[in-house]
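Reviewing the structure listed below.
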Amino acid sequence: MVDNVYRTRSLGVAAVGLPDQYADGKAAKVWQLYIGDTRSRTDEYRNAVVQLLRQHKCQRILDVACGTGVDSIMLLEEGFTMVSADASDKMLKYALKERWNRRKEEAFDKWVIEEANWLTLPRDIPKPGDGFDAVICLGNSFAHLPDFKGDQSDQKLALHNISSMVKPGGILIIDHRNNDAILKTGIVPQGKNIYYKSDLTSDISTSVLYVNSKPHMVTLDYTLHVPNEEGQQPDVSTFRLSYYPHCLEGFTKILKGAFQGKCQHTLYGDFKPHCPGQDPPCYFIHVVKKTG
């Protein structure tokens with residue numbers, strides 16, 4: 001019902017900002033310019049993720065929100081063995097194309113790509129033995145699963161299914177925006193985008209949709225200044241993205257519940273150890289090690 005009343009994103013921009021060839025192409029093109037080269041994460045991001053995986057001696061990784069494959073490609077290039085999944089076949093076609101283009105490289109030839117839904121993940125993805133060394137769900141992807149029932153039951157089921165793919169001793173790396181700060185201040189925390197390389201000047205307007213006095217959706221309206229030919233004024237373009245506002249305490253609770261408490265939980269802010277009282281990070285990253 002929410003989509004029918006309140007447009008959650010600009011036409012042409014999918015749930016994680018991916019251009020949709022079947023919708024309006026202008027917003028998609030602008031978003032592509034904003035995030036920069038989708039095949040390249042920031043060095044800070046790459047180093048942080050790779051270090052976490054190597055620290056925990058992970059080799060076989062499941063990417064449950066691979067989209068176009070940006071994280072999976074990054075990790076393949078770092079020598080990890082990847083199984084990549086997404087619910088959108090439109091997004092997966094870009095990953096499949098990249099696998100085909102680089103099929104002569106052994107890592108890409110062995111790259112497994114599957115269409116899968118978090119709510120049916122154990123049926124959609126064969127689990128190797130006791131599970132994967134690590135499962136990743138990054139780029140604020142999990143927040144795009146809505147809570148239309150109002151009880152977070154779908155989100156709890158999804159996290160349970162995701163955690164079931166982690167082997168004992170393995171880890172889950174999952175993130176979300178700092179919605180505590182957004183709900184408190186009404187704006188997105190200012191800071192460097194740790195995920196994407198972008199040279200565009202942008203302004204972000206933030207709004208929160210409440211349902212029964214509870215925050216139900218955060219909407220970000222982007223205004224971007226797109227460079228034009230030399231000597232001309234830049235074009236101004238706008239688009240919208242929306243997601244569920246997971247707050248730190250509540251998300252940590254359901255995350256630990258998905259592991260039935262048999263886990264060790266470590267929290268990072270923008271991939272740095274998080275300490276209460278520090279400047280608010282843009283993103284929280286949860287690293288959960290399965291102990292049972």
Side-chain angles (χ1 to χ4, degrees), residues 12-23 25 28-29 31-54 58-118 121 124-128 132-145 158 162 165-166 171-175 193-198 241 243 271 283 285:
V13 179
V16 294
L18 180 72
D20 181 349
Q21 65 173 340
Y22 297 109
K29 183 178 180 181
W31 176 252
Q32 185 78 8
L33 288 170
Y34 171 66
I35 64 176
D37 182 1
T38 55
R39 297 184 184 183
S40 180
R41 295 296 206 187
T42 66
D43 291 337
E44 179 183 1
Y45 176 84
R46 175 190 289 262
N47 292 340
V49 174
V50 169
Q51 182 178 350
L52 279 171
L53 293 173
R54 288 179 176 158
C58 300
Q59 176 59 38
R60 189 167 45 186
I61 317 297
L62 171 62
D63 182 354
V64 295
C66 80
T68 57
V70 59
D71 285 327
S72 294
I73 292 167
M74 176 185 80
L75 295 177
L76 283 166
E77 291 173 343
E78 292 288 342
F80 295 95
T81 303
M82 298 300 304
V83 174
S84 306
D86 202 279
S88 170
D89 58 345
K90 296 184 184 70
M91 299 172 77
L92 286 176
K93 74 174 189 176
Y94 293 93
L96 291 165
K97 182 179 179 180
E98 186 70 9
R99 182 178 68 179
W100 173 256
N101 289 340
R102 300 180 65 172
R103 64 191 182 279
K104 292 184 179 180
E105 300 174 46
E106 184 178 3
F108 283 81
D109 184 52
K110 294 181 178 179
W111 182 14
V112 177
I113 302 173
E114 300 283 0
E115 185 175 342
N117 188 309
W118 295 332
L121 192 62
D124 297 341
I125 300 293
K127 183 167 70 172
F132 292 88
D133 299 332
V135 176
I136 62 170
C137 185
L138 294 167
N140 197 45
S141 297
F142 190 78
H144 292 287
L145 178 63
I162 291 171
M165 306 302 287
V166 181
I171 61 170
L172 167 64
I173 308 176
I174 188 168
D175 67 356
N193 190 323
I194 60 172
Y195 291 91
Y196 296 113
K197 297 177 179 178
S198 179
L241 292 175
Y243 59 89
F271 285 102
Y283 291 86
I285 299 94

**OP:** Hey, could you give me the SG/CD1 distance between Cys58 and Ile171, rounded to the nearest 0.5 Å?
**Re:** 4.0 Å

Original post:
For Glu114 and Leu92, which heavy atoms make the closest approach, and how far apart are they?
Top reply: O-CD1, 3.6 Å

Subject >> With sequence neighbours excluded, residues passing side chain to side chain donor-acceptor pair (under 3.5 Å) with Asp86 >> reply: none

Original post:
Within a strict 4.5 Å, meaning less than it, do heavy atoms of the Arg54 and Phe80 side chains meet?
Top reply: yes

Subject >> Distance-minimising heavy-atom pair for Ala87 and Glu115 >> reply: O-OE2, 3.7 Å

**OP:** Decide yes or no for Met74 and Val49: does some side-chain heavy atom of the first lie under 4.5 Å from some side-chain heavy atom of the second?
**Re:** yes

**OP:** With sequence neighbours left out, write down each residue that passes side-chain contact (heavy atoms from CB on, under 4.5 Å) with Ala48, or none if nothing qualifies.
**Re:** Phe271

Original post:
Side chain of Asp175, backbone of Asn140: donor and acceptor closer than 3.5 Å?
Top reply: yes

Original post:
How far apart are the closest heavy atoms of Gly67 and Ala95, and which atoms are they?
Top reply: O-CB, 4.3 Å

Original post:
Would you say the side-chain atoms of Asp133 pair up with the backbone N or O of Ile61, donor to acceptor, closer than 3.5 Å?
Top reply: no

Original post:
Are more than 12 heavy atoms from other residues, nucleotides or ligands located less than 6.0 Å from atom CD of Gln51?
Top reply: no

**OP:** Taking all heavy atoms of Phe142 and all of Ala158, pick out the closest pair and write down the distance.
**Re:** CE1-CB, 3.7 Å

**OP:** Answer yes or no: is there a donor N or O on one side and an acceptor on the other, between the side chain of Trp118 and the main chain of Val64, under 3.5 Å?
**Re:** yes

Original post:
With no hydrogens and no angle check, is any side-chain donor or acceptor of Arg103 less than 3.5 Å from a backbone partner on Trp100?
Top reply: yes

Original post:
Side chains of Leu75 and Val50: does their closest heavy-atom pair fall under 4.5 Å?
Top reply: yes

Original post:
Less than 4.5 Å apart, any side-chain heavy atom of Ile73 and any of Thr68?
Top reply: no

Subject >> Distance, nearest 0.5 Å, that separates CZ of Arg99 from OG of Ser84 >> reply: 9.0 Å

**OP:** For Ser141 and Leu138, work out which heavy atoms get closest and say how close.
**Re:** OG-O, 2.6 Å

Original post:
Under 3.5 Å, side chain of Gln59 to main-chain N/O of Gly79, donor-acceptor pair present?
Top reply: yes

Original post:
Testing Ile136, Leu62, Leu121 for side-chain contact (heavy atoms from CB on, under 4.5 Å) with Ile162, which one passes?
Top reply: Leu121

Original post:
About how many Å separate CG of Asn101 and CZ of Phe108, when rounded to the nearest 0.5 Å?
Top reply: 10.0 Å

Original post:
To the nearest 0.5 Å, what is the distance between CZ (Arg102) and CD (Glu77)?
Top reply: 4.5 Å

Original post:
Looking at Trp111 and Met82, what are the two nearest heavy atoms and their distance?
Top reply: CD1-O, 3.6 Å

Original post:
When rounded to the nearest 0.5 angstrom, what distance separates CG in Asn47 from CG in Leu52?
Top reply: 11.0 Å

Original post:
Can you check side chain to side chain contact (heavy atoms under 4.5 Å, CB included) on Leu53 and Ile173, steps first, answer last?
Top reply: CA-CA 9 Å; Leu53 293 173; Ile173 308 176; 4.0 Å; yes

